Novice: 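Input: one structure, supplied below.
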Protein chains: 2
Amino acid sequence: MSSHAITETVPVGASAERSTRDQILDASVVCFAYAGYSGTSLNDIAAEVGIRRPSLLHHFASKEVLYGEVFERLLGDWFARLVGAIDVPASGWKKVEGVLRAGFNFFADNPNYVILMRREAIDGGVHLGIDLAAVLRPLFDEAADYFRREMDAGTFRQQNAEQLLLTGYGALLSYFSDAPFLEGLLDENPLSSGALDRRSAHIIEFFQAALVPPDEPA
Amino acid sequence: MSSHAITETVPVGASAERSTRDQILDASVVCFAYAGYSGTSLNDIAAEVGIRRPSLLHHFASKEVLYGEVFERLLGDWFARLVGAIDVPASGWKKVEGVLRAGFNFFADNPNYVILMRREAIDGGVHLGIDLAAVLRPLFDEAADYFRREMDAGTFRQQNAEQLLLTGYGALLSYFSDAPFLEGLLDENPLSSGALDRRSAHIIEFFQAALVPPDEPA
DNA sequence: GCTCAGCCCTACCTACCGGTAGGTAGGACT
DNA sequence: AGTCCTACCTACCGGTAGGTAGGGCTGAGC
């Protein structure tokens with residue numbers, strides 16, 4: 001209990017401190033995001049929590065199980081946020097803007113999640129039992145259909161809907177996943193509130209310029 | 001000398017096969033891209049070449065040195081291609097399109113390079129002696145200046161130049177770095193020639209829509 | 001022939017990996 | 001008191017990591 005390296009602001013509601021299990025999950029997100037699956041040892045995580053590796057394995061059967069649980073928890077949060085933004089009664093550009101903002105804000109709140117997701121996408125999901133693409137597929141198809149409908153209605157410019165989604169995916173996530181690198185290009189912390197505001201404004205402006213026809217004022 | 005990318009068909013003129021050193025470098029690109037720095041063992045690379053690990057270490061002093069050399073070689077190739085596209089006598093959208101196409105084609109030819117670069121950007125360059133962002137910085141600033149000049153001249157729509165570059169960076173690279181994942185979304189190999197044509201066309205079309213003002217026909 | 005450098009090998013080292021075995025402290029419930 | 005159970009510990013397992021020592025083979029130059 002001597003070395004509290006990373007103590008986030010603990011919710012001071014019911015219990016004074018989080019359960020060991022939750023502390024492990026929190027530390028795991030940080031470690032896996034920072035060094036990847038194979039670059040993170042269970043000792044690293046245990047040390048962050050302040051326990052020994054066997055004690056960690058008392059809470060999670062194996063490294064793989066722990067990783068899966070970390071990922072599942074974050075994926076669930078993200079899904080909920082996304083679906084919440086999709087289900088608002090809006091249409092046309094306003095809806096796209098809402099979803100873009102929701103995604104952006106979630107990523108800004110959970111930059112480690114973006115890094116985790118990216119690593120997993122690059123690795124093709126080998127560390128995960130689940131098929132990440134298959135999980136996201138329904139949302140992807142739904143979004144593509146939405147774009148196509150708006151394009152056919154003339155609300156959006158005609159473009160390849162799937163490609164459009166991939167472009168948005170890349171533009172949105174790369175900013176967060178590559179933040180350590182981008183800091184060297186921008187001369188400021190990309191996750192500072194000022195930089196985030198600038199990024200958010202650009203994303204919205206850029207996609208509006210690409211999507212909304214010139215004659216249609218948003 | 002070393003400017004050859006991965007050539008399967010060995011030139012039968014001077015030497016019957018590539019030097020062991022070059023074979024090691026080639027195998028390293030594949031392995032490091034596939035499994036990352038810490039996920040790749042020197043045994044993996046040596047096995048790919050068909051030698052033992054100590055023999056590999058005869059050619060490269062350490063894993064770190066090997067990795068650095070792999071990266072430096074690819075970075076040099078990419079830089080040359082990029083600068084070549086920048087230095088053509090063109091302006092306005094035509095120049096941007098040329099650079100976009102050059103980047104796209106290089107990435108399509110060297111998908112493993114994109115993955116390597118992505119991994120390094122996520123890791124913040126910890127495995128590299130060099131500062132990746134510092135190396136790319138001059139090109140980044142030059143490009144931003146170019147955009148600003150075109151915007152002021154009215155050739156491009158007014159936007160944040162640096163943010164624009166980041167968006168392009170993300171949209172371009174993510175398609176290649178996350179190809180294993182995207183295959184599950186697209187139901188086809190993202191690196192097949194058909195898929196590449198479709199992606200290339202979209203990238204060009206999309207950025208043109210976002211950059212070129214409605215009244216200016218390219 | 002001989003030497004000698006270059007290349008590759010086997011054998012070995014230490015450090016660390018994920019995971020297990022077995023034991024202990026202490027709270028709760030009977 | 002006796003019995004569970006949770007949570008943690010130390011000690012250890014087999015396996016693998018990166019790296020080193022040193023010997024053998026080969027081919028070019030003499």
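Model, not experiment: these values are computed from the prediction. Order of the sequence lines sets the chain letters (A, B, ...), proteins ahead of strands, with each chain counted from 1.
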Novice: Would you classify A/S55 as touching base, sugar-phosphate or nothing, given that sugar-phosphate means primed atoms plus P, OP1 and OP2, and contacts are heavy atoms under 4.0 Å?
Specialist: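 Touches a base.
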Novice: Please answer whether the main-chain N or O of B/N112 pairs with a side-chain N or O of B/N110 as donor and acceptor at a distance below 3.5 Å.
Specialist: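 Not at all, since once roles are kept as given, no pair shorter than 3.5 Å links the two residues.
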Novice: Taking side-chain contact (heavy atoms from CB on, under 4.5 Å) as the definition, give me every residue that meets it alongside A/L128, ordered by chain and number, with sequence neighbours left out.
Specialist: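 Applying side-chain contact (heavy atoms from CB on, under 4.5 Å) to A/L128 gives A/Y67, A/F71, A/E120, A/I130.
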Novice: Would you say A/N43 places a side-chain N or O within less than 4.0 Å of OP1 or OP2 belonging to C/dC16?
Specialist: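 Answer is no, no contact under 4.0 Å.
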Novice: Can you name the residues that form a ring-ring contact (aromatic ring centres under 6.0 Å, His included) with B/F206, not counting sequence neighbours?
Specialist: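 B/F206 satisfies ring-ring contact (aromatic ring centres under 6.0 Å, His included) with A/F206, A/F207, B/H202 once adjacent residues are dropped.
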Novice: Please report, rounded to the nearest Å, how far the P atom of C/dT20 is from the NZ atom of A/K63.
Specialist: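 Taking atom P of C/dT20 as the reference, NZ of A/K63 is at 15 Å.
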Novice: Within this structure, what is the CZ-to-P distance between A/R52 and D/dC8, rounded to whole angstrom?
Specialist: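 Value for this atom pair: 12 Å.
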Novice: Would you tell me if any nitrogen or oxygen in the side chain of B/H58 comes within less than 4.0 Å of OP1 or OP2 on C/dC8?
Specialist: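 For C/dC8, OP1/OP2 do not have a side-chain N/O of B/H58 under 4.0 Å.
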Novice: Return no unless some side-chain N or O of B/T20 is found under 4.0 Å from OP1 or OP2 of C/dC8.
Specialist: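 Yes, such a contact exists.
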Novice: Enumerate all atom pairs, one protein N or O and one N or O from nucleotides 21-24 of chain D, separated by less than 3.5 Å.
Specialist:
none

Novice: I need the CG-C1' distance between B/L66 and D/dG18, as an integer number of Å.
Specialist: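 The answer, rounded to whole Å, is 12 Å.
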Novice: Show every salt bridge (charged side-chain N to carboxylate O under 4.0 Å, His left out) that has at least one partner inside residues 38-64 of chain B, sequence neighbours left out.
Specialist: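 Residue pairs with at least one partner in residues 38-64 of chain B: there are none.
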Novice: Rounded off to whole Å, could you give me the CD-to-C1' distance for the A/Q23 and D/dC8 pair?
Specialist: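 These atoms are roughly 14 Å apart.
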Novice: Using atom types as modelled, flag every donor-acceptor pair under 3.5 Å from a side chain in residues 131-140 of chain A to any protein atom, sequence neighbours excluded.
Specialist:
residue, atom, partner, partner atom, Å
A/D131, OD1, A/A133, N, 3.2
A/D131, OD1, A/A134, N, 3.4
A/R137, NE, A/D141, OD1, 3.2
A/R137, NE, A/D141, OD2, 3.2
A/R137, NE, B/L185, O, 3.4
A/R137, NH1, B/G184, O, 3.3
A/R137, NH1, B/D187, OD1, 3.3
A/R137, NH1, B/D187, OD2, 3.4
A/R137, NH2, B/D187, OD2, 2.9

Novice: Whole angstroms only, please: what is the CZ-P distance between B/R53 and D/dT20?
Specialist: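 Whole-Å distance recorded here is 11 Å.
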Novice: Rounded to whole Å, how long is the line connecting atom CD1 of A/I51 with atom P of D/dC8?
Specialist: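 In whole Å, D/dC8 P lies 5 Å from A/I51 CD1.
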Novice: Which residues pass the salt bridge (charged side-chain N to carboxylate O under 4.0 Å, His left out) test with A/R73, not counting sequence neighbours?
Specialist: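 Scan of A/R73 (salt bridge (charged side-chain N to carboxylate O under 4.0 Å, His left out), adjacent residues dropped) gives A/D26.
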Novice: Rounded to whole Å, please give me the gap between NE2 in A/H127 and P in C/dG18.
Specialist: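 Between P of C/dG18 and NE2 of A/H127: 13 Å.
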Novice: How would you label the contact of A/T40 with the nucleic acid (heavy atoms, under 4.0 Å): base, sugar-phosphate, or nothing?
Specialist: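 It contacts sugar-phosphate atoms only.
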Novice: Rounded to whole angstrom units, what separation is found between the CG atom of A/L57 and the P atom of C/dG18?
Specialist: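 Rounding to the nearest Å, CG of A/L57 and P of C/dG18 are 9 Å apart.
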Novice: Is the centre of the B/Y175 ring less than 6.0 Å from the centre of the B/F107 ring?
Specialist: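 Ring-ring flag for B/Y175/B/F107: false, centres at least 6.0 Å apart.
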Novice: Within less than 4.0 Å of OP1 or OP2 of C/dG6, is there a side-chain N or O belonging to B/H59?
Specialist: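 Looking at the OP1 and OP2 atoms of C/dG6, neither is under 4.0 Å from any side-chain N or O of B/H59.
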